[in-house]
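Here is the structure we will look at, set down as structure tokens.
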Amino acid sequence: MSETRRGASRGQKPPLGAERARWTARRCKEWVLPAVIVRRLRDRRVRMPLYAAAGLVLAGAAWIAVTGVLARNELLAAQRSLETLRRQQPAAAPVTAAGPPAAPTATVQDAVRDATGHASRAHRLTTGPAWFPAAHLPLLGGPFRTVRGIAEASDRLAHDVLSPLTRTVAELDATGTDDGRHLDLSALRRVAPLLGQASHSASRVRAEVDALPHSTWLPATDRARTELARQLDRITQLAHDAAAAARLMPPMLGADGPRRYLAVFENTAEARGTGGLPGAFAVLRAERGRLSFEHFGNDTELTEAYADVDLGAEFNGLYGPSAPTRTWVNSNMSPHFPYAARIWAAAWQRHSGQRVDGAFGLDPGAVSGLLTASGPARLPDGSAVTAHNVVDLSERASYALHPDFKRRKAYFLDVARAVAIRLLGASTDPTRRTALFSALHRQLGDGRIKVWSRHAAEQRELLARSFGGALPGRSAPLAGLVVNNAAGTKLDYYLDRRLVWAPGRCVDGRREVTVTVRLANRAPVSGLPPYVVQRVDDPPYDTRPGDNRLLVSYYASAGATLSGATLDGRSAQLSHGTERGHPVFTLDVELPAGAARTLVLHLLEPPAARSAHVLRQPLVRPLRARALPSGPCTG
């Protein structure tokens with residue numbers, strides 16, 4: 001029944017005059033328009049274009065489905081090629097006395113070439129008239145845009161980053177010198193622009209991947225984007241470090257005149273802020289790429305040396321009672337390596353009258369990694385120092401093998417000298433050099449080798465790299481556990497450390513953070529040499545052999561405040577200081593043999609959209625840390 005009739009049946013009158021005309025026209029459109037559409041759809045001239053449009057949509061969808069599967073297969077193949085490359089890279093191939101690693105440069109180039117081909121095909125498959133409109137569909141286009149972006153990023157990564165890096169390695173491998181005993185610094189300078197371009201390309205690709213949709217209606221594409229971003233983080237860091245090395249190595253290795261450096265070996269069986277107690281040391285000379293050692297010594301030589309350096313009121317407030325500028329064994333209590341390096345350089349100049357251009361810090365863990373690439377070193381008695389035994393020899397077995405103090409110090413010097421000579425030989429051996437440099441990069445990235453330069457331009461670049469050993473800037477949230485041995489024992493060889501950084505709710509625009517630190521002393525209760533367990537701190541309470549004592553410091557995010565702390569569930573009072581903008585909370589903790597202590601800190605920190613950066617003090621046993629996800633405060 002029509003609306004007019006229904007209205008009439010209810011006693012309503014139709015509108016009159018102009019309103020009635022408009023009402024009638026509106027009703028006619030409602031009745032007539034559907035009929036017109038039906039007739040038009042029956043018209044062949046209208047029906048065929050519609051069918052064609054529908055066919056194009058279906059064909060485009062089918063094309064996207066087929067090429068998407070093919071592109072996925074190509075990307076997986078490229079990933080497999082790169083995984084093969086990672087497994088075969090020289091750093092992963094141990095070197096023995098029998099010869100160099102079995103991963104020649106040609107194999108690396110073949111793997112990169114193969115990955116480049118697969119990535120290029122994936123990129124071509126995801127371009128064209130079907131993929132572009134699909135990627136820009138409202139609401140539905142996110143996964144298509146992500147897939148296109150992943151393929152394009154993989155292609156650019158292979159062409160603009162990995163290919164230049166491998167070509168550079170090949171060029172450096174092919175470069176030799178007349179005497180074969182020094183590095184060709186001119187070759188490094190030639191490849192520096194190429195590495196710099198690769199570094200910039202890696203940063204751009206990483207930024208473009210980060211701009212892709214993070215959360216779409218297809219979780220598989222989101223996971224693929226996340227995995228690619230994770231891989232790019234590692235590759236980008238590698239490219240940055242390679243470019244920095246090409247810029248820094250020529251001047252630092254004496255291309256523009258002789259250089260001298262102080263290399264200090266840290267004993268991580270007794271913890272200090274940068275890693276371990278500064279023990280044996282060497283003076284390294286570099287001139288036009290030729291390296292040589294001028295002097296070897298141990299910590300007893302520098303007992304009376306002191307450093308004329310002023311590191312500021314904050315440093316003195318935190319470490320002044322331990323006299324780090326006048327006590328060699330306390331010179332690196334701060335985790336900020338440039339402080340220790342400046343003290344070492346000034347102390348050596350006071351002691352010897354010789355000015356050095358920089359300093360290195362390394363520990364037996366770093367030496368182990370380098371010996372993996374160079375092969376074993378031989379001691380005067382014919383025994384071998386290898387990647388597998390150097391940590392144990394240096395930090396545990398030597399105390400039992402050589403109970404006499406002077407003999408043990410001489411043994412440490414023998415180890416340092418033999419290792420240094422072995423590594424120098426490998427650095428000028430074309431069959432081992434690539435493996436050694438790859439292992440060196442790994443140890444630099446892990447923070448087990450740290451570098452400082454007296455030259456300002458070089459030092460600015462070093463501070464931006466992980467091997468500069470600097471405390472992070474104030475902008476990033478920080479979770480920094482640092483321990484300094486306060487007992488004079490060598491028991492930190494057996495120290496286990498765990499840290500959990502857990503953000504909580506927001507209160508008045510600040511984030512509640514709970515930090516849980518667990519320390520365990522795994523030292524055996526008997527059988528350790530007296531020198532390992534001796535206590536030089538003379539505590540006012542009874543102790544047993546194997547008991548340890550630590551100054552436990554937590555370096556928090558800039559602007560953080562401590563609202564409370566407990567040790568093993570009981571309230572604890574921590575001293576407070578500041579270093580380079582970071583609040584530092586410290587507690588003196590007795591750690592009996594076989595015992596574990598749990599320190600919990602409750603903090604209020606400025607809100608941050610990312611998890612905390614974990615500061616990893618390199619000791620014998622690695623820190624096991626977990627920083628839980630965070631996010632900005634919204635209320």
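Side chains are part of it too, since the values below use all heavy atoms of this structure and drop only hydrogens, waters and symmetry mates.
Ring geometry for Phe144 against Trp131 counts as perpendicular: the plane angle is over 60°, on a 0 to 90° scale with 30° as the lower cut.
Sparse packing is recorded around CD of Gln197, with 12 or fewer heavy atoms of other residues, nucleotides or ligands lying under 6.0 Å away. In Arg474, the CZ atom is not crowded: 12 or fewer heavy atoms of neighbouring residues, nucleotides or ligands sit closer than 6.0 Å. The neighbour count for His200 NE2, taken as heavy atoms of other residues, nucleotides or ligands under 6.0 Å away, does not exceed 12. Within a 6.0 Å radius of CZ in Arg189, more than 12 heavy atoms belonging to other residues, nucleotides or ligands are found. Other residues, nucleotides and ligands contribute over 12 non-hydrogen atoms within 6.0 Å of the CZ atom of Arg497. In the displayed structure, His214 atom NE2 is contacted under 6.0 Å by more than 12 heavy atoms of other residues, nucleotides or ligands.
In this structure the side chain of His123 never reaches within 4.5 angstrom of the side chain of Glu74, judged on heavy atoms. Between Leu462 and Gln459, some side-chain heavy-atom pair lies under the 4.5 Å cut-off. With contacts defined as side-chain heavy-atom distances shorter than 4.5 Å, the pair Tyr555/Val482 qualifies. Val513 places a side-chain heavy atom less than 4.5 Å from the side chain of Trp501. Side-chain atoms of Leu463 and Pro338, non-hydrogen and from C-beta on, do get closer than 4.5 Å to each other. Contact check for Arg522 versus Tyr493: no side-chain heavy atoms found under the 4.5 Å cut-off. Counting only heavy atoms from C-beta outward, the side chains of Arg223 and Glu227 never approach each other to under 4.5 Å. Counting only heavy atoms from C-beta outward, the side chains of Val161 and Ile235 approach each other to under 4.5 Å.
To the nearest 0.5 Å, the span separating CZ on Arg442 from CG on Leu370 amounts to 11.0 Å. Put simply, CG on Leu436 and OG on Ser427 are 6.5 Å apart, with the number rounded to the nearest 0.5 Å. For the atom pair OG1 of Thr226 and CD of Gln231, the computed distance is 11.5 Å after rounding to the nearest 0.5 Å. To the nearest 0.5 Å, atom CD of residue Glu461 and atom CZ of residue Arg247 are 4.0 Å apart. In this structure, CG on Leu519 lies 6.0 Å from CG on Leu481, to the nearest 0.5 angstrom. Here Gln443 contributes atom CD and Arg448 contributes atom CZ; the two are 7.5 Å apart, rounded to the nearest 0.5 Å.
Formation of a donor-acceptor pair under 3.5 Å by the Asn389 side chain with backbone atoms of Ala384 is found in this model. For Asp363 (side chain) and Gly365 (main-chain N/O), a donor-acceptor pair under 3.5 Å exists by modelled atom type. Using a distance-only test at 3.5 Å, with no hydrogens or angles considered, a donor-acceptor pair links the side chain of Gln617 to the main chain of Val483. At distances below 3.5 Å, at least one donor-acceptor pair connects side-chain atoms of Arg148 with backbone N or O atoms of Thr126. No donor-acceptor pair closer than 3.5 Å links the side chain of Arg145 to the backbone N or O of Pro213. A donor-acceptor pair under 3.5 Å links the side-chain atoms of Thr168 to the main chain of Pro164, judged by distance alone. Of the possible polar contacts, one joining the Arg510 side chain to the Leu604 backbone as a donor-acceptor pair under 3.5 Å is found. Between the Ser557 side chain and the Leu478 main chain, a donor and an acceptor come within less than 3.5 Å of each other. Here the side chain of Asp160 pairs no donor or acceptor atom with the backbone of Ser201 at under 3.5 angstrom. Between the side chain of Ser120 and the main chain of Thr116, a donor-acceptor pair closer than 3.5 Å is present.
Residues Glu605 and Ala560 approach most closely at CG-CB, 3.6 Å, considering heavy atoms. The shortest heavy-atom contact between Leu125 and Ala71 is CD1-N, 3.7 Å. Ala387 and Leu371 get closest at one heavy-atom pair: N-CB, 3.9 Å. Annotation for Tyr554 and Leu499: closest pair CE1-CD1, 4.1 Å, computed over non-hydrogen atoms. In terms of heavy-atom proximity, Arg465 sits nearest to Ala244 at CD-CB, 3.6 Å. What you find for Gly480 and Leu615 is that their closest heavy atoms are CA-CB, 3.6 Å.
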Decide yes or no on side chain to side chain contact (heavy atoms under 4.5 Å, CB included) for His118 and Ser154, but give the supporting numbers first. CA-CA 9 Å; His118 289 300; Ser154 300; over 6 Å; no
Go through it in stages, so that I can follow the logic: the residues are Val614 and Leu623, the test is side chain to side chain contact (heavy atoms under 4.5 Å, CB included), and I'd like the CA-CA distance, side-chain angles, deciding distance and then a yes or no. CA-CA 10 Å; Val614 177; Leu623 170 70; 4.0 Å; yes
Begin with the C-alpha distance, continue with both residues' side-chain angles, and end with the deciding distance and a verdict on salt bridge (charged side-chain N to carboxylate O under 4.0 Å, His left out) for Arg113 and Asp110. CA-CA 5 Å; Arg113 191 179 301 112; Asp110 289 343; 2.8 Å; yes
Show the numbers, then the answer: is there a side chain to side chain contact (heavy atoms under 4.5 Å, CB included) between Thr236 and Ser203? CA-CA 6 Å; Thr236 301; Ser203 295; 4.1 Å; yes
Passes side chain to side chain contact (heavy atoms under 4.5 Å, CB included), Val451 versus Leu444? Steps please. CA-CA 9 Å; Val451 186; Leu444 289 166; 4.1 Å; yes
When you look at Asp241 and Gln237, which way does the side chain to side chain donor-acceptor pair (under 3.5 Å) test go after all the steps? CA-CA 6 Å; Asp241 289 347; Gln237 186 62 53; 3.0 Å; yes
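Partner of Val209 under the side chain to side chain contact (heavy atoms under 4.5 Å, CB included) criterion, out of Thr146, Leu157, Leu232: Leu232 alone.
Ring centroids of His441 and Phe437 are separated by 6.0 Å or more, keeping the two rings apart.
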